[in-house]
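Encoded as structure tokens, the structure appears first; notes follow it.
All values reported here derive from a predicted model rather than from experimental measurement.
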Amino acid sequence: PEISLPSGHDISRYTVGRGGTKVLKLPGIGAGEPVPIWVIGDSWLANLSFLPLVKYYSLADALREAKFFITNQVATTGLTLGEIDKKVEDLKDTLVSPVAMKDVPMKAIILGGGGNDLTRPSLPFWTKEPNESKSTRLYLILNPSEKTDPRKAFTQELYKFLNELSNRYSEILEVLTHPHAPEVKIFIHGYDYPIPDGTPHESVKFLGPWLKNVFDAHNMNDLEFNRKIMRYLIDQLNNTISDLAEKFSAKAPNRIFHLKLTETLETIPPDAFKNYWDNELHPNRAGYAKLAQVVVNALAAQGIVYQVPGG
């Protein structure tokens, strides 16, 4: 379940590394071979398909189906950017070693994160509501006194939060763009607009909600207004990533790109989002497939494409 090759490929040629700094080594990549990439992030790029009774599909799975071969998957559900930063730092010795990276093909890195920094409670999961929800950063950044303008529905804590995310991403990019690291292109994905309606995970009902509970703790019960608030918040997160990519363009010219995923998944009329979302924060298989196409197009624009055999 860790890898999914197009039909006709000899899986015995591949050696799969599991976690840590173990990476997958391949011979040369030619026509008909899946494009090797690394993914680094949270549940959007994680792989839980090996767990029994858990119906879970991610952007990483959709990329595999689009003939991208994930040679290192540094992604786990629930990770904050700080925890992702630590995992990347642990990879540094491997990344900057020409010997270690000699036989590790990598055409691009897909990077993402930040959602768990916003929604993960600082109190333990057995804490009773609404106290658990009140311990999230989302609760701290919301301004419940604003009823009409989503731009004003935030406290100054929002800008502190965005600055912290920018600093974390900067630390990660400092490692990935180290002078001795492979000069591959890095694509940082944001998120599409979530729907804070309380829908839990389809297979694991105790996972979620992540958003409506926080709005409820503030007595913010207008779903349509809350959707506008989340749209504004996701836009600010995307702006932070876009600014960061531009900032790093001087150090790593034409290597850092922002993957804008907003407005990819249909959310209007109100129930249409169910065609593409599994729950408040995670798309379903069809949704991730649509998002993967955005990623594929972005990589193709930089010349990173699957070569059709005999083409």
Side-chain angles (χ1 to χ4, degrees), residues 20-21 23-24 29 35-42 44-45 59-60 63 68 70-75 79-118 158-191 234-262 294-305:
T21 59
V23 292
L24 181 139
I29 299 296
V35 181
I37 62 173
W38 283 19
V39 297
I40 302 173
D42 56 21
W44 274 44
L45 291 170
L59 182 57
L63 290 171
F68 286 86
I70 297 173
T71 57
N72 200 20
Q73 189 170 16
V74 188
L79 289 184
T80 64
L81 265 181
E83 291 163 341
I84 295 170
D85 183 18
K86 177 63 168 59
K87 287 182 174 290
V88 171
E89 186 64 33
D90 291 342
L91 280 171
K92 184 175 181 179
D93 289 344
T94 300
L95 277 169
V96 302
S97 169
V99 174
M101 296 300 295
K102 179 177 181 294
D103 296 319
V104 181
M106 175 174 47
K107 298 292 187 182
I109 296 173
I110 312 299
L111 170 66
N116 293 306
D117 299 72
L118 191 67
L158 170 62
Y159 306 102
K160 179 181 177 182
F161 171 76
L162 294 172
N163 185 62
E164 290 174 5
L165 256 58
S166 180
N167 290 339
R168 288 297 191 185
Y169 267 124
S170 293
E171 291 169 0
I172 293 169
L173 291 175
E174 286 290 346
V175 174
L176 298 181
T177 60
H178 188 281
H180 296 149
E183 292 188 10
V184 299
K185 297 183 186 297
I186 301 166
F187 299 81
I188 310 174
H189 78 76
Y191 302 98
I234 294 299
D235 283 342
Q236 296 309 302
L237 175 59
N238 276 285
N239 290 342
T240 298
I241 296 173
S242 180
D243 291 345
L244 194 65
E246 184 175 350
K247 169 187 170 184
F248 268 80
S249 63
K251 178 180 180 180
N254 198 37
R255 284 187 56 198
I256 314 296
F257 303 91
H258 168 220
L259 287 171
K260 184 176 180 291
L261 301 180
T262 50
V294 176
V295 179
V296 169
N297 292 344
L299 269 64
Q302 298 301 317
I304 305 169
V305 296

Do the non-hydrogen side-chain atoms of V88 and L111 ever get within less than 4.5 Å of each other?
-> no
How many angstroms lie between CZ in F161 and CG in D117, if you round to the nearest 0.5 Å?
-> 5.5 Å
Within 6.0 Å of NE2 in H180, more than 12 heavy atoms from elsewhere = no
Do L95 and H178 come close enough that some side-chain heavy atom pair is under 4.5 Å?
-> no
Could you tell me the separation between the CD1 atom of I37 and the CD1 atom of I109, rounded to the nearest 0.5 Å?
-> 10.0 Å
All salt bridge (Lys or Arg N to Asp or Glu O under 4.0 Å) counterparts of K251, not counting sequence neighbours = E174
Assess whether atom CD of Q302 is packed by more than 12 heavy atoms of other residues, nucleotides or ligands within 6.0 Å.
-> yes
Residue pair L45 / H189, side-chain heavy-atom distance below 4.5 Å = yes
Beyond-backbone contact of Q73 with V39, side-chain heavy atoms, under 4.5 angstrom | yes
Could you tell me whether the side chain of F187 reaches within less than 4.5 Å of the side chain of V295, counting heavy atoms only?
-> no
CG-CG distance between N239 and L162, expressed to the nearest 0.5 angstrom | 9.0 Å
Report yes if some heavy atom in the side chain of L118 is under 4.5 Å from a heavy atom in the side chain of Y191; otherwise report no.
-> no
Just how far is it from atom OG1 of T240 to atom CG of D235, taken to the nearest 0.5 Å?
-> 10.5 Å
Below 4.0 angstrom, N of the basic side chain to O of the carboxylate: do D243 and K247 qualify?
-> no
Starting at CD of E246, measure out to CD1 of I256 and round the result to the nearest 0.5 Å.
-> 13.0 Å
Sort out for me which residue in K87, K86, K92 forms a side chain to side chain donor-acceptor pair (under 3.5 Å) with D90.
-> K86
Donor-acceptor contact below 3.5 Å, side chain S242 vs main chain N238 | no
Apply side chain to side chain donor-acceptor pair (under 3.5 Å) to S97 and list each qualifying residue two or more places apart in sequence or on a separate chain.
-> none
With a 4.5 Å limit on heavy-atom distance, are the side chains of L176 and W38 in contact?
-> no
Counting N and O atoms only, with roles assigned by atom type, does the side chain of K260 sit under 3.5 Å from a partner on the main chain of G190, one being a donor and the other an acceptor?
-> no
Please confirm whether the backbone N or O of L79 pairs with a side-chain atom of N116, one donor and one acceptor, at under 3.5 Å?
-> yes
First locate atom CZ of R168, then atom OG1 of T80, and finally report the distance between them rounded to the nearest 0.5 Å.
-> 7.0 Å
Are any of the side-chain heavy atoms of I186 and R255 separated by less than 4.5 Å?
-> yes
Under 3.5 Å, is there a donor-acceptor pair between the side chain of N163 and the main chain of Y159?
-> no
